[in-house]
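All residue numbers refer to positions in the sequence shown, counting from 1. For clarity, every value in this text was computed on a predicted model and none was experimentally measured.
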Amino acid sequence: MKVNAQSVNFNADQTLIDFLQTRLDKLETFYDKVISADVYMKVENTSSKENKIVEIKLNIPGDKFMIKKQCKKFEEAVDSACNSLERKLIKHKEKSRVQA
């Protein structure tokens, strides 16, 4: 799967990009027709500890899924967003099976 990662207000290191790639590759086990993913990682200027935001836009044939999570660490936010995407992909796959 092709992953476009963009970091806003900071420079993402290679370990974070690698973690993101491996975590998103696991989504293909739930739905094998995933085309690409656009990931936006942002750091908000707030006093709260939960200032890391991850937005993932997943492109599949005929549809797009958008998930936005805010956590203390980027890894935690990516993991949480991918868990939500897994549930969405499973629901989408079940819906398409019923219609076919």
Positive for side-chain contact (heavy atoms from CB on, under 4.5 Å) with I67, one of N83, L85, L58: L85
Taking only Lys NZ, Arg NE, NH1 and NH2, and the carboxylate oxygens of Asp or Glu, determine whether E94 and K91 approach each other closer than 4.0 Å.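 Not counted as a salt bridge, because no side-chain N and carboxylate O are separated by less than 4.0 Å.
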List the residues meeting side-chain contact (heavy atoms from CB on, under 4.5 Å) with K26, not counting sequence neighbours, and say none if there are none.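 So K26 forms a side-chain contact (heavy atoms from CB on, under 4.5 Å) with R23.
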First locate atom [atom1] of [X], then atom [atom2] of [Y], and finally report the distance between them rounded to the nearest 0.5 Å.
{"X": "N51", "Y": "I53", "atom1": "CG", "atom2": "CD1", "answer": "8.0 Å"}
{"X": "K57", "Y": "N4", "atom1": "NZ", "atom2": "CG", "answer": "10.0 Å"}
{"X": "E86", "Y": "I90", "atom1": "CD", "atom2": "CD1", "answer": "6.5 Å"}
{"X": "L89", "Y": "D63", "atom1": "CG", "atom2": "CG", "answer": "10.0 Å"}

Does any N or O in the side chain of N59 come within less than 3.5 Å of the main-chain N or O of I35, such that one atom is a donor and the other an acceptor? no
I'd like to know if the side chain of S80 and the backbone of E76 have a donor-acceptor N/O pair within less than 3.5 Å. no
Indicate the ring-plane relationship of H92 and F65, choosing parallel, tilted or perpendicular according to the 30° and 60° boundaries. perpendicular
Show your working on side chain to side chain contact (heavy atoms under 4.5 Å, CB included) between T15 and E75 and close with a plain yes or no. CA-CA 10 Å; T15 55; E75 289 84 357; 5.6 Å; no
Scan for salt bridge (charged side-chain N to carboxylate O under 4.0 Å, His left out) pairs involving residues 33-53, sequence neighbours excluded, and state none if there are none.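 Matches after skipping sequence neighbours: K42-E55.
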Test of understanding: with side chain to side chain donor-acceptor pair (under 3.5 Å), list the residues that count as partners of S7, not counting sequence neighbours.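 Once residues adjacent in sequence are excluded, S7 has no partner under the side chain to side chain donor-acceptor pair (under 3.5 Å) criterion.
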Run the numbers on L24 and I56 for side chain to side chain contact (heavy atoms under 4.5 Å, CB included), then give the verdict. CA-CA 10 Å; L24 286 171; I56 301 176; 4.2 Å; yes
